[in-house]
Novice: 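Quick one: structure below, then a few questions.
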Amino acid sequence: MKMTKRPNILLTGTPGVGKTTLGKELAQRTGLTYVNIGDLAREGELFDGYDEEYQCPILDEDRVVDELDEKMVDGGMIIDYHGCDLFPERWFHIVFVLRTDNTQLYTRLESRGYTGKKLQDNVQCEIFQTILEEAMEAYREEIVHQLPSNSPEDLEHNLEQIAQWTEQWMKDHN
């Protein structure tokens, strides 16, 4: 019996832009498997020390890639992470960079307990389009897409758009 081919999707963007909300809902709608890299790292203890300045563990990128590689080859994965250049280009069929208005992002991050340098650096990261530029450098330009993520309407539109893309990809590749 031939396995149905399914695409791998990367959802990336500054913390607080809505990757997790979008990813979980998208997995429900498409049947793809959702993986939050932060959760994966916590569960597998895939860390390489602790960053005192940002008060968070340091991801062991090599171990994360090793942990996911086989699943990525099989396809059907939605990966959620605020960085994107650690993943091999061959993994993804499409990359979505979520973008949020700076004022909204500030409020969202503040409500998560971000303060001081961590808060400022993440908002600046969004202002300077750091993640978008990282994605454009790490992946073929034609597979990288920006999506606004400011409102429930944006979320619904993004869900519909990505679900349609997924359906079309599966038709085209099976």
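Residue numbers start at 1 and run along the sequence shown.
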Novice: Do Leu147 and Ile162 come close enough that some side-chain heavy atom pair is under 4.5 Å?
Specialist: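 In short, these two side chains touch, coming nearer than 4.5 Å.
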
Novice: Side chains of Phe87 and Val95: closer than 4.5 Å at any heavy-atom pair?
Specialist: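 Contact flag for Phe87/Val95 side chains = no.
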
Novice: Taking Lys71 first and then Asp74, would you say they form a salt bridge - that is, a charged N and a carboxylate O separated by under 4.0 Å?
Specialist: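 Salt bridge absent between Lys71 and Asp74.
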
Novice: Tell me, with the steps shown, if Glu167 and Lys171 meet salt bridge (Lys or Arg N to Asp or Glu O under 4.0 Å).
Specialist: CA-CA 6 Å; Glu167 193 177 311; Lys171 283 179 187 170; 3.7 Å; yes

Novice: So, Glu160 side chain and His157 main chain: donor-acceptor pair closer than 3.5 Å or not?
Specialist: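 Pair absent, no side-chain N/O of Glu160 close to backbone of His157.
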
Novice: Decide whether Tyr106 and Asn122 meet the rule of one side-chain donor and one side-chain acceptor closer than 3.5 Å.
Specialist: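 Tyr106 vs Asn122: no donor-acceptor pair found between side chains.
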
Novice: Is Tyr34 close to Met77 at the side-chain level, that is, under 4.5 Å between some pair of heavy atoms?
Specialist: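 Side chain of Met77 against side chain of Tyr34, heavy atoms only: no contact under 4.5 Å found.
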
Novice: Only counting residues at least two apart or in another chain, list the ones meeting ring-ring contact (aromatic ring centres under 6.0 Å, His included) with His93.
Specialist: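 His93 satisfies ring-ring contact (aromatic ring centres under 6.0 Å, His included) with Trp169 only.
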
Novice: Taking Arg108 for its side chain and Gly16 for its backbone only, find out whether a donor-acceptor pair lies under 3.5 Å.
Specialist: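 Yes; at least one donor-acceptor contact below 3.5 Å.
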
Novice: Evaluate the side-chain proximity of Lys5 to Met170: yes if any heavy-atom separation is below 4.5 Å, no if none is.
Specialist: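 Not touching, per the 4.5 Å side-chain cut-off.
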
Novice: Check whether Thr130 reaches the backbone of Glu126 with its side chain - one donor and one acceptor, N or O, closer than 3.5 Å.
Specialist: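 A pair under 3.5 Å: no.
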
Novice: Quick check: does any side chain N or O of Tyr139 sit under 3.5 Å from a backbone N or O of Phe92, one acting as donor and the other as acceptor?
Specialist: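 Here the side-chain-to-backbone pair does not exist.
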
Novice: Under 4.5 Å between any side-chain heavy atoms of Arg42 and Phe47, yes or no?
Specialist: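 Side-chain contact under 4.5 Å: yes.
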
Novice: Is Thr12 reaching over with its side chain to a backbone N or O of Tyr81, donor-acceptor style, under 3.5 angstrom?
Specialist: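 Yes, because the side chain of Thr12 sits within donor-acceptor range (under 3.5 Å) of the backbone of Tyr81.
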
Novice: Which one of Leu68, Asn8, Ile9, Asn36 satisfies the side chain to side chain contact (heavy atoms under 4.5 Å, CB included) criterion with Ile79?
Specialist: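 Among Leu68, Asn8, Ile9, Asn36, the one meeting side chain to side chain contact (heavy atoms under 4.5 Å, CB included) with Ile79 is Leu68.
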
Novice: Ignoring hydrogens and geometry, is there a side-chain-to-backbone donor-acceptor pair from Asp60 to Asp48 under 3.5 Å?
Specialist: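 Answer holds: no.
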
Novice: Mark yes or no for whether Gln104, through its side chain, and Asn150, through its backbone, hold a donor-acceptor pair below 3.5 Å.
Specialist: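 Side chain of Gln104 to backbone of Asn150, a donor-acceptor pair under 3.5 Å: yes, one is there.
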
Novice: Quick one, Glu110 and Leu119 - any side-chain contact, counting heavy atoms below 4.5 Å?
Specialist: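 Glu110 reaches Leu119 side chain to side chain.
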
Novice: Are the side chains of Asp85 and Glu137 in contact, using a 4.5 Å heavy-atom criterion?
Specialist: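 Result no, sub-4.5 Å side-chain heavy-atom pair not found.
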
Novice: Please find the pair of heavy atoms, one from Val144 and one from Ala135, that lie closest to each other, and give the distance.
Specialist: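 Scanning both residues completely, I find the closest heavy atoms to be CG2-O, 3.7 Å.
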
Novice: Group every Ile, Leu, Val, Met, Phe, Trp and Tyr by side-chain heavy-atom contacts under 4.5 Å, then state whether Ile131 and Leu109 land in the same group.
Specialist: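 As far as the 4.5 Å side-chain criterion goes, Leu109 and Ile131 are not connected within one cluster.
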
Novice: Taking all heavy atoms of Pro148 and all of Asp154, pick out the closest pair and write down the distance.
Specialist: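 Nearest heavy atoms, Pro148 then Asp154: O-CB, 3.5 Å.
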
Novice: Using the six-membered ring wherever Trp is involved, compare the ring planes of Phe96 and His145 and label them parallel, tilted or perpendicular (cut-offs 30° and 60°).
Specialist: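 Phe96 vs His145 ring planes: tilted.
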
Novice: For Glu70, look at atom CD and say whether over 12 heavy atoms of other residues, nucleotides or ligands are found less than 6.0 Å away.
Specialist: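 No, not enclosed.
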
Novice: Any idea which heavy atoms bring Cys56 and Lys118 closest together, and the distance?
Specialist: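 Closest approach of Cys56 to Lys118, heavy atoms only: CB-NZ, 4.4 Å.
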
Novice: What closest approach, in Å, do Cys84 and Glu134 show between heavy atoms, and which atom pair accounts for it?
Specialist: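 Taking every non-hydrogen atom into account, N-OE2, 2.9 Å.
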
Novice: Salt bridge between Glu156 and Arg29, side-chain N to carboxylate O under 4.0 Å?
Specialist: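 Judged by the 4.0 Å cut-off on N to carboxylate O distance, Glu156 and Arg29 do form a salt bridge.
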
Novice: Which heavy atom of Ala41 sits nearest to which heavy atom of Leu59, and what is that distance?
Specialist: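 Ala41 and Leu59 have their closest heavy atoms at CB-CD1, 3.4 Å.
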
Novice: Step by step, would you call Gln168 with Asp172 a side-chain hydrogen bond (donor to acceptor under 3.5 Å, both in side chains)?
Specialist: CA-CA 6 Å; Gln168 188 60 52; Asp172 293 346; 2.8 Å; yes

Novice: Could you check if a side-chain atom of Met72 sits within less than 4.5 angstrom of a side-chain atom of Arg90, using non-hydrogen atoms only?
Specialist: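 No, their side chains stay 4.5 Å or more apart.
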
Novice: Between Ser149 and Val17 (side chain of the first, backbone of the second, donor and acceptor by atom type, cut-off under 3.5 Å), is there such a pair?
Specialist: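 Judged by distance alone, yes, a pair lies under 3.5 Å.
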
Novice: What heavy-atom pair brings Pro7 and Thr166 nearest, and what distance separates the two atoms?
Specialist: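 For Pro7 and Thr166, the tightest heavy-atom pair comes out as CG-CG2, 3.9 Å.
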
